[in-house]
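Values reported hereafter were calculated over all heavy atoms of this structure, with side chains retained and with hydrogens, waters and symmetry mates removed. This structure is a prediction, so every number in the text was calculated from the model and none was measured.
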Amino acid sequence: MMLRTRDRTFVCLAILLAFGLRVHWLGRQELRGDEGGSWSFIQLAPLQILDRIVTEGDPHPPLHHLLQWGWLQLTGDSEFAMRSLSALLSILVVPLLLQLGRRLGGVECGLAVCLIVSVHPQQVWLAQDLRNMYQLALIFILAGALMMLYIRDRPLAIGWHHWVAYSGLCTLAVYSHYYALFGIAPHAALLVQAQPQRARLLRMWLLAAAATALVLAPWATVILPVYAQHQLADPGNEGLKGYLVTVFGELFAGPTLPRVIQLGFAVLGGALAVLGAVRLKAARFYLLVAVLVPLTGIYTVLLFRATLNGFYFVFAAPAAYILLAAGIRQLQHYWHAMGWTAAFGGIVVLTVGLINLYGSEQYSRSRGMRELAQFLTSNYQPGDTYLANFPDPTQPYYLRRVKIPYQMMPKQPVFDSSALNADLASLENQRIWFVPVVATNWDAAGYVQQRLLQTALLASDQSFNKMRLMLFLPVSDAQSIRAKFANGIALVGFHRAPNGVTLVWRSEASPTADYKVFVHGLALDGFPLVGADALPVRATSTWRTGDTVLSLHQLVIPVDQPVALVAGLYDAVTGMRVELQSENYGEPDATLVARYSP
């Protein structure tokens, strides 16, 4: 059935709406980690990209990277430019899904699905993501489904070239994303009603599938052994309930709503989909298979690979959207007011999801790397080093125009602390800009940060949104002082840290007791204003002759009156102060560290 003029107008407006939503603030948010990973791939030449995929066992096939590489050569590497390819591909999904919905559920269903895919937050989120593999695979899956309907309806007019074209679409889909297999397999269900040619068409479909497998075989023989050792050797522990809420909640409500709302929409969307299956008798088998195959296939992969994102289930979205649209229409048939209420409620929730997608900090990709890089550009000095403790590919992206050496330690998630200490010691004479990242699978205990605090002077500690930037100076940059205590302990330097003061101690013997360090801020009359006691970063009983050790003291030094900082040591058990063999200041066995005036 041809679309009427008003229907064509509706479709044009829906596509324009889809375009507007996808390009709106397309480059506003920062790249997320996986986007940064894709950027790092496309810095290489095409053959190098293929080699890196195999060497590192990257979980994605090469077509996405190669296409993005070509797009980079044309448009540049800004966030907007790199994401624009995903946005354009996502817009192509709209008319394809319109045609599939119209063929399987009628014009009304096709128009409803066209509107859903245009405004759905999950589709917009993916469209504004550099990784275009999902839109790319969806295009080939939808084109394959439409090709299969064409073959089914004209079995006697079909030639071998139609099957070759279909096999090519399937091949491109899998080279876009491996989970596209779960979107291709249900195509066979479209041939079930192809009487009296069903058996012959199914045989031809199997031959086309075999041809696709043959084209995929060279890549599969190379990459599958690598995946068996890496990607498929990390079993997940996601329960079935959590899995269903994740995939159906995001499928129906989108990724930018609280979990409880996603749960509610998973239940409501599932119920409407069942009503849709009741309504669409002719297409019911294919639509249910097109949802269940990805559902079971992805969950099966989870038995071998722990990574799960809700958008993996996007390959079931075409069938789910068609069932949802038909379900709302069926509900209107049973109970008119309730059907319109469901439709209106869905519009409200999707609108809130879009608002959160664009403006909510909770769901934003941005973490503060832009501001951090801008600050670093203005404040780094020649000879400085940038140090990361996590392989976050977005950091090199935002630092690509900052002429500062980039280091990442530890190099592996499991590391030898002695070797890491030696690597960090090689930087001890440099100013180090350090960005600590807390990750459960890499330097989980924050070893690098603790080691820097023990061996360098913290000069700056700033936050930029969710990112933290710390500047460490060599110990030799400390201001020199000289105070001798008993047991061969000398205070040789101090540094005013952002949150207090760092003292530099040197051992001229080997103390046997464990001492604590006190720092007091005294008024002109000797009245104690502030104080901070702390153990040195290494217990004094472990000091050996010639060791240099720091003690870190967090205190806020008053700025409204003159303050004298004094310091000393005392026995951590008895509380007795260690004798000061230099001049006392303000307190017994306390030496003057520094004076500060308003």
Next on the checklist: Whether the Thr9 and Arg4 side chains hold a donor-acceptor pair (N or O, under 3.5 Å, no angle test) is what I'd like checked.
Outcome noted: no
Checklist entry - Under 4.5 Å between any side-chain heavy atoms of Met148 and Trp205, yes or no? => result yes
Checklist entry - Could you walk me through whether Phe182 and Val301 pass the side-chain contact (heavy atoms from CB on, under 4.5 Å) check? => result CA-CA 11 Å; Phe182 304 134; Val301 174; 4.2 Å; yes
Next on the checklist: Walk me through whether Phe313 and Tyr179 qualify under ring pair (Phe, Tyr, Trp, His ring centres under 6.0 Å).
Outcome noted: CA-CA 9 Å; Phe313 198 53; Tyr179 284 168; over 10 Å; no
Item to check | Student check: side-chain heavy atoms of Tyr363 and Trp125 closer than 4.5 Å | outcome: no
Item to check | Distance-only donor-acceptor check, side chains Gln99 and Arg102, under 3.5 Å | outcome: yes
Item to check | Test: Arg52 and Glu56 ion pair at under 4.0 Å | outcome: yes
Checklist entry - Below 4.5 Å, heavy atoms only, C-beta onward: do Glu361 and Asn465 meet side chain to side chain? => result yes
Next on the checklist: Please determine whether the number of non-hydrogen atoms from other residues, nucleotides or ligands lying under 6.0 Å from atom CG of Asp234 exceeds 12.
Outcome noted: yes
Checklist entry - If you look at every heavy atom in Leu104 and Ala283, which pair is closest and at what distance? => result O-CB, 3.7 Å
Item to check | Tyr243/Tyr299 under ring pair (Phe, Tyr, Trp, His ring centres under 6.0 Å): CA gap, chis, key distance, verdict | outcome: CA-CA 8 Å; Tyr243 170 72; Tyr299 191 70; 4.8 Å; yes
Checklist entry - Does NZ or CZ of Arg28 lie under 6.0 Å from the centre of the six-membered ring of Tyr358, at an angle within 45° of the ring axis? => result no
Checklist entry - Do Arg305 and Gln231 have side-chain atoms, one donor and one acceptor, less than 3.5 Å apart? => result yes
Checklist entry - Within a strict 4.5 Å, meaning less than it, do heavy atoms of the Trp442 and Val437 side chains meet? => result no
Checklist entry - When you look at CZ of Phe464, are more than 12 heavy atoms from neighbouring residues, nucleotides or ligands closer to it than 6.0 Å? => result yes
Checklist entry - Is a salt bridge present between Asp34 and Arg32, judged by a nitrogen-to-oxygen distance below 4.0 Å? => result yes
Next on the checklist: Quick check: do Tyr321 and Gln123 have side-chain heavy atoms less than 4.5 Å from each other?
Outcome noted: yes
Checklist entry - Does Lys466 pair with Glu30 as a salt bridge, N-O distance under 4.0 Å? => result no
Item to check | Candidate pair Gln68 and Asn132, rule side-chain hydrogen bond (donor to acceptor under 3.5 Å, both in side chains), full reasoning | outcome: CA-CA 8 Å; Gln68 194 69 52; Asn132 59 59; 2.8 Å; yes
Next on the checklist: Do His336 and Trp340 pair up side chain to side chain, a donor and an acceptor below 3.5 Å, judged on atom types alone?
Outcome noted: yes
Next on the checklist: Can you confirm whether more than 12 heavy atoms, excluding those of Leu47, are under 6.0 Å from its CG atom?
Outcome noted: no
